[in-house]
Protein chains: 2
Amino acid sequence: MSDWLPALGQAPRRVLSDNVLDELRAVIVSGGIEAGQRLRENELASQMRVSRGPVREALVRLEQEGLVVLERHRGARVVVLSRDDREKLYRLRRALEELAGEYACANATEADFDRANAVVEEFVRSEDSTRTPAAAADFDIRFHDSIYVAAHNDPLYRAWTVLRSQVHYFMTTRMMLRPDYNETWEREHMRLLELLRERKKSPCRKFIGLHVEGSFRRILLDQLPDDSEHPAEVAHASR
Amino acid sequence: MSDWLPALGQAPRRVLSDNVLDELRAVIVSGGIEAGQRLRENELASQMRVSRGPVREALVRLEQEGLVVLERHRGARVVVLSRDDREKLYRLRRALEELAGEYACANATEADFDRANAVVEEFVRSEDSTRTPAAAADFDIRFHDSIYVAAHNDPLYRAWTVLRSQVHYFMTTRMMLRPDYNETWEREHMRLLELLRERKKSPCRKFIGLHVEGSFRRILLDQLPDDSEHPAEVAHASR
DNA sequence: ATATTGTAAACCGTCAACGGAATGCAACTC
DNA sequence: GAGTTGCATTCCGTTGACGGTTTACAATAT
């Protein structure tokens with residue numbers, strides 16, 4: 001077998017439902033669709049120029065990501081997260097990410113660290129004007145995702161997959177960019193990478209716990225004074 | 001609106017893909033299909049007398065449950081769990097279930113405890129002859145699932161659903177029923193219910209940690225001396 | 001005017017068929 | 001005969017259509 005080729009990575013084997021999934025997820029987590037809004041298969045299909053098949057498949061996947069709620073014979077709606085859900089979400093995220101830190105200490109390769117570092121550098125290089133809440137949330141999710149990847153732990157990564165989009169959605173829709181956001185973000189994530197590189201599990205666990213806790217508190221504190229569970233049940237007042 | 005009726009619960013609104021999903025999951029977790037075996041959509045569809053649509057939907061859901069691996073243009077296979085995966089799975093399960101215990105202490109209702117207790121009682125009442133590994137695994141999963149339900153924590157429950165079927169599968173295929181299994185099972189689960197009813201988080205957390213750890217060790221210790229990652233790549237030796 | 005019932009439109013669940021990718025085998029080359 | 005190439009089959013991805021459920025609205029009764 002010929003192995004003199006420059007090791008070109010496997011060709012991406014994507015299908016329509018993958019594109020529909022990515023597109024829908026991107027729109028939802030960036031806040032492009034109101035929480036609780038209906039997602040009609042026909043509408044989405046014609047808008048994306050595909051049939052309903054791929055759309056249905058994408059919706060099932062979005063349900064498992066927690067971005068969409070499916071009800072039999074009634075269709076899909078964008079999920080509505082209560083304040084309570086958000087707290088539970090972050091408590092769980094903390095537990096998972098502490099585990100991820102330990103596993104990353106044990107299993108991460110240099111390439112893993114490089115990829116995580118690349119995200120931080122890209123953030124630093126990005127122009128101030130592009131730093132919208134959505135963009136900032138993107139960077140944050142990408143960085144933390146790279147930690148889960150570095151953990152080389154399949155069950156753990158699958159569990160993270162179930163939270164990731166909800167966390168992403170949460171961050172985008174509720175983040176306030178304080179003046180010191182950029183500096184803090186860069187400092188904390190660089191520090192985390194250092195700790196991981198030293199491969200000392202216990203300090204990593206502690207730092208990650210504080211980091212997740214802090215990021216949650218920052219978002220919560222910056223919230224609108226009235227967190228009155230926006231009704232979002234607008235269009236349908238019947239029964 | 002008339003509310004003089006005897007509060008009849010909402011009618012089950014199941015569709016074909018739900019049945020296909022349940023049936024496939026039951027067959028796989030009970031060990032009815034070899035690990036690594038291909039699942040052909042046409043075959044499954046004709047065997048269950050449905051079209052490929054519901055089958056595809058069920059397969060996507062089974063993928064998120066971790067029972068099946070989908071590859072684009074190549075179809076589905078029953079997942080093959082390495083020994084390493086199983087260890088990671090249980091370590092993660094431990095973290096989740098400790099959390100579930102704490103939340104259950106805080107949120108569980110009497111009805112929740114009753115449902116969990118009913119599983120234990122059903123186990124005790126069941127005939128010895130019916131206690132196959134598959135049946136025992138079913139009881140165990142049902143009990144622990146009821147704990148997650150009692151936690152009243154949606155994100156946590158969704159994370160558990162990502163592990164549950166793999167744990168179930170793992171238990172069924174590797175469990176050995178020692179002579180003292182029945183007694184131990186009943187005692188430990190009754191004790192856990194007591195602790196939860198007392199609603200003391202810290203002892204619960206500790207007990208659950210030990211319980212999960214112990215159940216993993218029992219399964220691992222009872223394993224065949226040679227855990228040589230059964231190839232399972234039988235039918236296809238090409239490339 | 002309020003509540004209830006009947007009706008039509010909208011929408012989801014399912015199916016069957018078509019086209020294309022992947023696999024396995026045979027023919028071919030060297 | 002070992003390795004490669006072409007070919008046929010198998011199987012997946014996608015589509016468009018049909019039937020049943022749900023929802024919204026209008027008509028009717030109280």
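Chain naming here is simple, since letters A, B, ... match the order of the sequence lines and numbering starts at 1 in each.
The distance between atom CG of A/N19 and atom P of D/dT14, rounded to the nearest whole Å, is 9 Å. Distance, B/E43 CD to D/dT9 P: 20 Å, rounded to whole Å. If you take CZ of B/R14 and C1' of C/dT14, they are 16 Å apart, rounded to a whole angstrom. Spacing between atom CD of A/E41 and atom P of D/dT21 amounts to 17 Å, rounded to whole angstrom units. Counting to the nearest Å, the P atom of C/dA10 and the CZ atom of A/R52 are 15 Å from each other. Separating the CG atom of B/L39 from the C1' atom of D/dT10 is a distance of 16 Å, rounded to the nearest angstrom. The distance from atom CG of B/L70 to atom P of C/dA21 is 20 Å, rounded to the nearest whole Å. Put simply, CZ on B/R49 is 12 Å from P on C/dC15, counting in whole angstrom units.
In terms of position on DNA chain C, the residue among B/H73 and A/N42 whose nearest nucleotide sits closer to the 5' end is A/N42. Along DNA chain D, the nucleotide closest to A/V50 and the one closest to B/G75 are compared, and the more 5′ of them pairs with B/G75. Projected onto DNA chain C by closest heavy-atom contact, B/D18 and A/R13 fall at different nucleotides, the more 5' of which corresponds to B/D18.
Within 6.0 Å of CD in B/E110 there are more than 12 heavy atoms belonging to other residues, nucleotides or ligands. By the 6.0 Å contact criterion, CD on A/Q47 is open, its count of non-hydrogen atoms from other residues, nucleotides or ligands being 12 or less.
Within the 4.0 Å cut-off from OP1 or OP2 of D/dT22, not a single side-chain nitrogen or oxygen of A/R74 is found. Taking 4.0 angstrom as the limit, B/R72 places none of its side-chain polar atoms (N or O) nearer than this to OP1 or OP2 of C/dA21. Contact between the side-chain N/O atoms of A/R38 and the OP1/OP2 oxygens of C/dC12 is found at a separation under 4.0 Å.
Note that B/R131 lies in the cation-pi zone of B/F123, set by a 6.0 Å cut-off to the ring centre and a 45° limit from the axis.
Residues A/Y148 and A/N153 have side chains that never bring a donor and an acceptor to within less than 3.5 angstrom of each other. Side-chain contact of B/S165 with B/R25: a donor-acceptor pair under 3.5 Å is absent, judged by distance alone.
Residue-level contact check: B/G53 touches neither bases nor backbone, having no heavy atom under 4.0 Å from any strand. At the heavy-atom level, B/R56 lies under 4.0 Å from base atoms of the strands shown.
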